[in-house]
Amino acid sequence: MKTQLLIAAIFFSGFTFAQQKKTDSLETKKIDEVVIKKQVFKKQSDRFVYDVAASPIAKGNTTFDVLKQTPLVSTTDDKTLKIAGKNNAQIFINGRKSNMDAESLVQFLKNTPAENIQKIEVITVPGSEFQVESSEGIINIVLKKKMSDGLNGNMRMANYQNKFNGSSASFSLNYRKDKLGISANLSGSDNIQAQKYTLKNGTNLIQNQSVGEMNDPNKNLGGYLNLDYQLNEKSNLALSWNSWANRSYNSTADLLNTLKMFDEDGVLKSTELTKSQNLKNSRSYNNSFNLNYELKTDSLGSKLNLNAAYLNYRKFQNAENKTLGTDTNGNFNLYRQYVLQEIPQIINNFSGMADYIKKFQKDFTVSLGGSFNSTKTDNDTKNFFDYYDNNGNLVKSKPDLNHFIYDEKIYGAYLTFDKKFSEKFSGKIGARYEITKSMGSSEVPGQTMQEFERNYNNLLPYLSLNYAINDKSNISYAFSSRMRRPSFWELNPVKNILTQDNYTQNNPFVKASTNYNQELTYMFKNSYFLVLNHSYIKDVITQVPLQRNIVRDGITYRQLAYIRTNFGDRQEMSAMLGMQKSFFKQYLTTNFNVGMQHNINNGMLNTDPTTGEVFDTYINNINSTSLVIQANNTIRLDKKKTWFLGINYFFIDKQQIELGMLKNLMSLDMSLKKNWNDWTFALNVTDILNTNIVEITDNQTSGNYNYIHQNRYNRGGSLSITYSFGNQKVKKVRDIEGASDGIKSRTK
């Protein structure tokens, strides 16, 4: 895990909001004075359906652009997609989870023309048949069915400017001839992720502040190859390979640390300055293979799906951290601490999955299936510490070695019944049963091997009801329960050092959390909707800021550690009222959301579960209620539908998260797009007002305080050029859910 992205990751897991920008609810076409109206956004059974093919904004956009404009879907970092009331969204294509890692999936979505999409389905509460965790929702992209043989593709180039300049390019091909379909993509990018931090912590007697910049260069190269062959009219065989490589060399963090000591009357007694310099080099590789067999068993649509997969993830990272004190001339020349780290991680996963969908007469469907995942991680971490006195003299050297191996097996089975009782009423009920067996061992030289075992048996029920009151009104209710297992990097007991007295600590003893989700939805005229959400999370997996005083060379310092662990329970409640509509003959397409979110926190921690070190007790039992506003507008500037102006805005009121009180956020973005034959030119400007900056304040009743200010340089611009070529009627290759997809999300 990248240390500089830590706080952002914590922050974004602590809140959700609705962003939506979609097209209008009715598309109007005149044919001999007859007006045909088509619903663009509607509620069907357990999902919302956005008809992209009938919308006025698909042409020239990428799939990612359209997803950002889909009702109930949002993004704040231009990478992670969220659904209102949910922490994250899983991407499915044609009903199957995308067989790509997170980075390649983003590139795929940003380089796939929206013209290929028939519709987007937003499943806020997934059924038992879906392999998702925690409170995740699903975004299912349904591609158009094109029957012609031939070749087509697209090329895209983009340049980005925030604090630094970055670029990306991609090339995609799709080929179909008779029974054989082939699709391939190659994409790459080069950028520097920059962040500026101010970190403060302490008491009224001792205060510590760290201020500085972090720059993380990234070079990415990846792609996929999918082969799909129709054996006969009833069966298909497919093979998929996905690959992604990242290189981050010379990633730096330079922080100036100020330690201030006060007496009981608040008078400053002393000030000490140090500088922390970090240099990190890392590279990672993600390769996965999936073999799929599909058999249609009858004319009603019943089918059998079998998948076998292998996933290999490798990351190699070394880091150098040094803390320097000042000499008599005020120059930072004296060593205080020097640390060398090697933090590799290897993940191997073998997976299998079987699904059978049986369709009966009278709109009755039974789905059942099972899955198996076997994952082994190997983490051979090596730390070498050199400690110095205040005069820069070496006091001692201490190696800290830990070979951590984790072995996990997950067995899952589900059964779901789906019934349409009438034209107005339908329902789905089901359950998923999961057995998790895991064993971890930590080998430290000179110590007895530490082992732990985590076993879970979980029955996860699901219920969904949908009722069409009349042709204008629809109401639905859904309930589900899910597990949230820790990511593999969260289990690796590695310490990421920021300064001499500020670090993060992962935890092999983190256990899975349980999520219970409820949702009530009302839709009127397919243009106005109300979504009520309630989530209860037990044993929340998060990072907790713990503080304590430590004495070094006769001087008291304030240590701050971000400990990864289970931290009590949390409830999240939200109410979102939205509208999506088109005005002035589709010259203006507007989406507006306003809602409230209420967070109830209940957690307490004072001990690092990994080391046993005791800190001051940290308590978070503060509740908060927040206002959320989102407005997205697309303005067509000409009759020929070649010029488009986009104006987007969001506001999130302050709210309590695990780290403290998060200050309000807002962002104003604008875009200009030109379609010219097979070319699309797009200019985007983000965070124009420079207001999308993270600021978190926490004040404990004990007198401890913690403050975070993080500028991720969201204000910037981008220019992209896309060219589409070939026969645009080529039928798309089937996108298959890989058996290892449930594991991939935990490698990040």
Side-chain angles (χ1 to χ4, degrees), residues 1-6 9 100-104 216 218-222 242-249 251 278-289 309-321 339-351 373-384 399-410 438-445 449-452 454 485-498 503-510 541 543 562-565 610 740-748:
M1 175 187 176
K2 295 186 173 88
T3 303
Q4 60 265 43
L5 299 180
L6 165 70
M100 290 180 238
D101 63 87
E103 291 292 340
S104 353
D216 183 22
N218 284 270
K219 294 182 183 296
N220 300 290
L221 180 65
N242 294 278
S243 181
W244 191 257
N246 168 269
R247 189 180 74 177
S248 176
Y249 286 175
S251 177
N278 297 271
L279 175 64
K280 184 196 69 177
N281 295 304
S282 70
R283 66 185 191 277
S284 62
Y285 309 93
N286 194 324
N287 286 279
S288 64
F289 300 86
Y310 170 69
L311 166 69
N312 176 255
Y313 175 82
R314 293 177 294 158
K315 183 174 183 179
F316 305 97
Q317 176 177 313
N318 61 74
E320 177 187 76
N321 174 276
V339 186
L340 280 177
Q341 292 184 294
E342 292 183 16
I343 313 173
Q345 184 173 49
I346 300 175
I347 301 174
N348 284 287
N349 169 263
F350 295 91
S351 309
N373 274 286
S374 176
T375 307
K376 187 172 183 178
T377 74
D378 191 326
N379 317 270
D380 193 3
T381 302
K382 297 180 175 65
N383 301 312
F384 301 93
D400 183 7
L401 311 179
N402 193 330
H403 191 186
F404 177 69
I405 294 177
Y406 180 73
D407 194 349
E408 178 186 83
K409 292 180 173 60
I410 303 175
S438 60
M439 175 68 72
S441 63
S442 180
E443 183 178 0
V444 178
M449 181 177 290
Q450 189 178 26
E451 296 183 342
F452 70 91
R454 296 287 192 200
R485 298 177 181 84
S487 298
F488 298 115
W489 62 263
E490 293 176 302
L491 294 170
N492 186 15
V494 68
K495 180 183 291 186
N496 292 292
I497 298 169
L498 188 61
Y503 64 90
T504 68
Q505 176 69 60
N506 294 337
N507 176 12
F509 303 104
V510 174
I541 301 175
Q543 208 140 21
Y562 293 94
I563 307 298
R564 177 70 55 176
T565 189
T610 305
S740 63
D741 289 331
I743 296 298
K744 287 185 178 181
S745 61
R746 296 169 62 197
T747 63
K748 293 292 183 180

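This chain uses plain numbering: 1 for the first residue, then up along the sequence. For clarity, every value in this text was computed on a predicted model and none was experimentally measured. The basis for the numbers below is simple: all heavy atoms, side chains too, and nothing from hydrogens, waters or symmetry mates.
The line from CG of Asn312 to OG of Ser243 is 10.0 Å long, rounded to the nearest 0.5 Å. With rounding to the nearest 0.5 angstrom, the CG atom of Asn349 is 14.0 Å from the OH atom of Tyr313. We find the CD1-CZ distance between Ile347 and Arg314 to be 12.0 Å, quoted to the nearest 0.5 Å. Separating the CD atom in Glu408 from the OG1 atom in Thr375 is a distance of 5.5 Å, to the nearest 0.5 Å. In this structure, the separation between OG on Ser441 and CD on Glu451 is 6.0 Å, given to the nearest 0.5 Å. Taking CG of Asn492 as the start and CG of Asn402 as the end, the distance is 7.5 Å to the nearest 0.5 Å.
More than 12 heavy atoms of other residues, nucleotides or ligands sit less than 6.0 Å from atom NZ of Lys495.
There is a side-chain donor-acceptor pair under 3.5 Å between Gln341 and Asn383. A donor and an acceptor atom, one from each side chain of Asn379 and Thr381, are nowhere located under 3.5 Å apart. No side-chain donor-acceptor contact under 3.5 Å links Tyr503 and Gln505. Tyr310 and Asn287 are not linked by any side-chain donor-acceptor pair at a separation below 3.5 angstrom, with hydrogens and angles left out of the test. Side-chain contact annotation: Asp216 with Asn218, donor-acceptor N/O pair under 3.5 Å present. A donor-acceptor contact closer than 3.5 angstrom is absent between the side chains of Glu342 and Asn318.
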Check against side-chain contact (heavy atoms from CB on, under 4.5 Å), Phe316 and Asn281: CA-CA 8 Å; Phe316 305 97; Asn281 295 304; over 6 Å; no
side-chain contact (heavy atoms from CB on, under 4.5 Å) between Asn278 and Lys280, intermediate numbers included: CA-CA 7 Å; Asn278 297 271; Lys280 184 196 69 177; over 6 Å; no
side-chain contact (heavy atoms from CB on, under 4.5 Å) between Lys219 and Leu221, intermediate numbers included: CA-CA 7 Å; Lys219 294 182 183 296; Leu221 180 65; over 6 Å; no
Intermediate values then yes/no, side-chain contact (heavy atoms from CB on, under 4.5 Å), Asn286 and Leu311: CA-CA 8 Å; Asn286 194 324; Leu311 166 69; 3.2 Å; yes
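Partners of Phe509 by ring-ring contact (aromatic ring centres under 6.0 Å, His included), not counting sequence neighbours, listed by chain and number: Phe452. With sequence neighbours excluded, no residue satisfies salt bridge (charged side-chain N to carboxylate O under 4.0 Å, His left out) with Asp378.
A side-chain donor-acceptor contact under 3.5 Å links Asn507 to the backbone of Arg564. In this structure, Ser248 contributes its side chain and Ser282 its backbone to no donor-acceptor pair below 3.5 Å. A side-chain donor-acceptor contact under 3.5 Å links Thr610 to the backbone of Asn506.
Side-chain contact between Asn496 and Ile343 is present, with at least one heavy-atom pair separated by less than 4.5 Å. Residues Tyr562 and Leu498 form no side-chain contact, since every pair of their non-hydrogen atoms from C-beta on lies 4.5 Å or further apart.
Scanning both residues, Tyr249 and Arg283, for their nearest heavy atoms gives OH-CD, 3.6 Å. Considering all non-hydrogen atoms of both residues, Trp244 and Gly222 come closest at CE3-CA, 3.1 Å. Of all the heavy atoms in Arg485 and Ile541, the pair that sits closest is C-CD1, 4.2 Å.
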